[in-house]
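So you know, we letter chains A, B, ... as the sequences are listed, proteins then strands, and number each from 1.
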Amino acid sequence: MNLFQDLRALVITKLAAMADAGVIPAGLDTAAVSVEPPRDPLHGDMATNAAMVLAKPAGMAPRAIADVLAARLAADPRVAIAEVAGPGFLNIRLKPQVWQNLVGTVLTMGQDFGKSDLGVGKRVNVEYVSANPTGPLHVGHTRGAVFGDALASLLQYAGWDVTREYYINDGGAQVNVLARSAFNRYLEAHDLTVDWPEGTYPGDYLVEVGEALKAKYGDRWLDAPEEEWLDEVREFSANAMMDMIREDLAQLGVKMDMFYSEKSLYGTGRIEAAIEALREKGLIYKGTLEPPKGKLPEDWEPREQTLFRSTAHGDDVDRPIMKSDGAWTYFAPDIAYHYDKVSRGFDALIDVFGADHGGYVKRMKAAVSALSDGKVPLDIKLCQLVKLFKNGEPFKMSKRAGNFVTLRDVVEQVGPGVTRFHMLTRKNDAPLDFDFDKVLEQSKDNPVFYVQYAHARVHSVLRRARDAGVDVSEVALAKADLSKLSHDAELKVAHQIGEWPRLVEIAARTNEPHRIAFYLYELASDFHSLWNRGNDEPALRFVQEGDTDTTSAKIALARAVAVVISAGLGILGVEPVEEMR
RNA sequence: GGUCCCGUAGCUCAGUUGGAUAGAGCAGCUGCCUUCUAAGCAGUAGGUCGGGGGUUCGAAUCCUCCCGGGAUCGCCA
């Protein structure tokens, strides 16, 4: 259900009829024809660029096409006025019934109103968070988690079959560091004094793990050399960290479909297989890279390495996949992992990274392009940093001392809903300010509050209407006499509701869930505005004493607003509230 | 030095596969409200879209060259 699509289909039909009638040449490409809301609502409800887009290929003046098209569009029962304006725009105003009926459609369809078939029959893999299993999730991860999760939900809403996935970096050197740090805590659990040299994890979240190691293994490793305990301690502590991370994610309302272990790629021939696939395409060779331009790293010396010819797929330089000592670089398992994703048959892949990984975008895309012969698109979304504030003051955290603000700190202080919504009030690639006090503020300045408040107001008015004896179920309201919704302020809200399906598609196509949050703010704003006008104009109040028909129609509109807000918040992973407290 | 991201109103930011006179919220200014529809409302003002050049019916949007801010830069993940 998408009015803009419906009208575009109408325009295309009329164009075809015009071609049949010989008004315009046959066989014109109409792909660029769009139907959009005009910037200025005075121009109408919708505008199409058809005449301007087709003028050149048709060899006609835009107006010549537009005049005929306008006349033909005006014949449609939904269209009130179709007129040519400006350089050749065709403005369309729909009859009020179209907008009134839309309210009924929303109530009939419920949360499905706004769903799109954009991704129907296609599978997409969204990989996000993928934090190293070396400690609790912090605020930076939180943004990626919220973004990735909302994006996944958005794509689901747009019809995609979505897999949410977490890649566990449990194969590299950092889990050895974790193991040594946990071992330190194990020693401490035996009342031994230990050093915390640079490059270990001194955070106290490993204290428990040390205790658990003691409980499990007693004192058998107290004097043992590293080779004896490293593997077991690494596995034990990485598992403990993943349990903690899973719990952190659950606090935020994030549930993954799949946790994929990097370690599972080693010793199983899977890295080798992925590299072999590239080798067969002639993309693996031994060579020596040029030093980086500009400043030369001090310890740089030419070495022959095994390289992936990523430049053949859009990268700037070829990338090493094997170190000079014969071990894989981190890039090799990443290739194997993405090869696995491609092999699982996804139609599209999305990776959500922190902005500090921006340098890996090209090589990762090159790898997927090579492995899938350009058939599987990989979109990589980068999330910028989160700057923390407390009551307007920057909130410093010391990573070196092992105390940083964790996801759990944030969620416990402000709640998962507020956290999630606020994290989506900025575009992913813009830095985000997060103020512990401001996000809880109950004022118009706070989008979370503002949107929730609109939803709560609807439910407040539903309760009042119910008390006045009105049947406020969606089924009953859908049958209300919606022609009573004739005021401009009411129709404006209906217009905004009509934008919802279109917005979902745009957001899904661009992989930008923040657009949902911005839309909800606008819808809430229109609703509040209508509500406030009821102060001065009693005729605009939702509950009309002694007039059940009018009340039903107005309540239907309010309820439709709540349906859309609820659907939007659902995508963002935020629970709508029915009253403010 | 290479690459990527960002640069839009005083501030924080939106801006639809290129669409009409570039939007919102704060702050400012002018009125209104003192309410059980509490956690304000209505209006007004505010811009060389970092700068130059190009592409075209039409550019904040695409290309190119500069300027400014950030991230990153072979054997760290």
Side-chain angles (χ1 to χ4, degrees), chain A residues 4 31-32 34 36-40 42-43 47-49 52-53 55-56 61-62 85-89 91 130 132 134 169-175 177 262 288-297 299-303 305-307 315-331 333-334 354-362 380 382 384-385 425-431 433 441-447 449-450 453 457 460-461 464 499 502-503 505-507 509-510 512 514-515 517-519 521-522 525 528-529 531-536 540-543 580:
Chain A
F4 292 90
S34 68
E36 300 173 6
R39 215 179 275 281
D40 186 345
L42 288 176
H43 291 136
T48 179
N49 61 357
M52 282 181 294
V53 171
K56 200 171 201 176
F89 276 102
N91 291 326
S130 297
N132 293 340
T134 54
N169 286 103
D170 54 3
Q174 78 286 352
V175 278
V177 175
E262 176 194 357
T288 308
L289 287 175
E290 293 290 312
K293 304 246 189 251
K295 62 157 200 237
L296 195 65
D299 58 347
W300 194 90
E301 50 182 296
R303 288 275 171 82
Q305 295 167 291
T306 305
L307 300 168
D315 203 356
D316 306 304
V317 291
D318 293 338
R319 305 291 178 176
I321 54 164
M322 194 179 268
K323 305 178 200 173
S324 48
D325 67 0
W328 297 115
T329 65
Y330 63 88
F331 187 40
D334 277 349
D356 55 340
H357 286 58
Y360 303 97
V361 170
K362 280 193 181 180
I380 300 184
L382 300 178
Q384 267 292 349
L385 300 177
T425 55
R426 286 286 176 275
K427 206 159 46 178
N428 58 291
D429 54 12
D433 289 351
E441 210 168 80
Q442 303 210 333
S443 77
K444 193 184 173 179
D445 312 352
N446 182 355
F449 168 77
Y450 198 62
Y453 188 29
R457 271 184 159 171
S460 158
V461 84
R464 291 168 56 88
E499 277 275 326
R502 198 178 106 79
L503 183 106
E505 292 211 344
I506 293 168
R509 238 193 326 255
T510 51
E512 292 182 342
H514 75 276
R515 291 174 188 267
F518 280 90
Y519 168 84
Y521 184 83
E522 282 173 27
S525 173
H528 284 310
S529 178
W531 178 285
N532 288 323
R533 285 185 69 167
N535 284 326
D536 298 331
L540 284 178
R541 297 189 183 184
F542 288 91
V543 176
M580 306 305 292

Answer for the Watson-Crick or wobble partner of G1(B), both distances under 3.5 Å, is C73(B)
Paired to G19(B) by Watson-Crick or G-U wobble criteria (both distances under 3.5 Å) is C57(B)
Sorted by chain and residue number, the side-chain hydrogen bond (donor to acceptor under 3.5 Å, both in side chains) partners of E441(A) (sequence neighbours excluded) come out as S443(A)
R533(A) CZ to C32(B) P, in whole Å, measures 19 Å
Quick note, R457(A) side chain, CB onward, closest among C76(B), A39(B), C41(B) is A39(B)
Whole-Å distance, H528(A) NE2 to U35(B) P, equals 22 Å
Taken to the nearest whole Å, OH/Y521(A) to P/G23(B) is 17 Å
| Just to confirm, is there a sub-4.0 Å distance from OP1 or OP2 of A39(B) to any side-chain nitrogen or oxygen of Y453(A)? | yes
Could a donor-acceptor pair under 3.5 angstrom be found where the side chain of N91(A) meets the base of A20(B)? yes
Using a cutoff of under 3.5 Å, can you pull out all pairs of nitrogen or oxygen atoms linking the protein to nucleotides 55-65 of chain B, with atom names and distances?
from	atom 1	to	atom 2	distance (Å)
C57(B)	OP1	K56(A)	NZ	2.7

note: D445(A), atom CG; G25(B), atom P; distance rounded to Å ~ 11 Å
Residues at least two apart in sequence or cross-chain that pass salt bridge (charged side-chain N to carboxylate O under 4.0 Å, His left out) with E499(A), listed by chain then number, are R502(A)
To the nearest angstrom, the CZ-C1' distance between R319(A) and C73(B) comes to 8 Å
Aromatic stack F449(A)/A39(B): centroid gap under 5.5 Å, interplanar angle under 30°
no
- prompt: Is the shortest side-chain N/O distance from H357(A) to OP1 or OP2 of U3(B) below 4.0 Å?
  reply: no
Those residues at least two apart in sequence (or on a different chain) that pass ring pair (Phe, Tyr, Trp, His ring centres under 6.0 Å) with H43(A) are none
Hits for side-chain contact (heavy atoms from CB on, under 4.5 Å) against Q384(A), two or more places apart or cross-chain, chain-then-number order -> R143(A), A355(A), P431(A)
Residue set satisfying side-chain contact (heavy atoms from CB on, under 4.5 Å) with T288(A), at least two apart, ordered chain then number -> P302(A), E304(A)
Any strand, both distances under 3.5 Å, Watson-Crick or G-U wobble: A45(B) pairs with none
Heavy-atom closest pair (G354(A) atom, L382(A) atom, distance to 0.1 Å) is O-CD2, 3.7 Å
Residue set satisfying salt bridge (charged side-chain N to carboxylate O under 4.0 Å, His left out) with D316(A), at least two apart, ordered chain then number -> K362(A)
Residues passing the ring pair (Phe, Tyr, Trp, His ring centres under 6.0 Å) test with F89(A), sequence neighbours excluded, are none
Inset, instruction - For U8(B) versus G47(B), give the span between their C1' atoms, rounded off to a whole number of Å. - result: 8 Å
Note to self: Under 4.0 Å from OP1 or OP2 of A42(B): is there any side-chain N or O of S529(A) that close?
What the structure shows: yes
- Examine C13(B): is either OP1 or OP2 under 4.0 Å from a nitrogen or oxygen in the side chain of R426(A)? Give yes or no. yes
Rounded to the nearest 0.5 Å, the CZ atom of F518(A) sits from the CD atom of E512(A) at a distance of 10.5 Å
Mate of G7(B) across any strand shown (Watson-Crick or G-U wobble, both atom pairs under 3.5 Å) is C67(B)
Using a cut-off of under 3.5 Å, enumerate the N/O to N/O pairs linking the protein to nucleotides 4-11 of chain B.
from	atom 1	to	atom 2	distance (Å)
C4(B)	OP1	K362(A)	NZ	3.4
C6(B)	OP1	D429(A)	OD2	3.4

When both distances are under 3.5 Å in a Watson-Crick or G-U wobble arrangement, the nucleotide paired with A39(B) is none
Rounded to whole Å, CG of N535(A) lies from P of G31(B) at a distance of 21 Å
* Asked: What is the nucleic acid contact for E505(A), judged by heavy atoms within less than 4.0 Å: base, sugar-phosphate only, or nothing?
  -> nothing
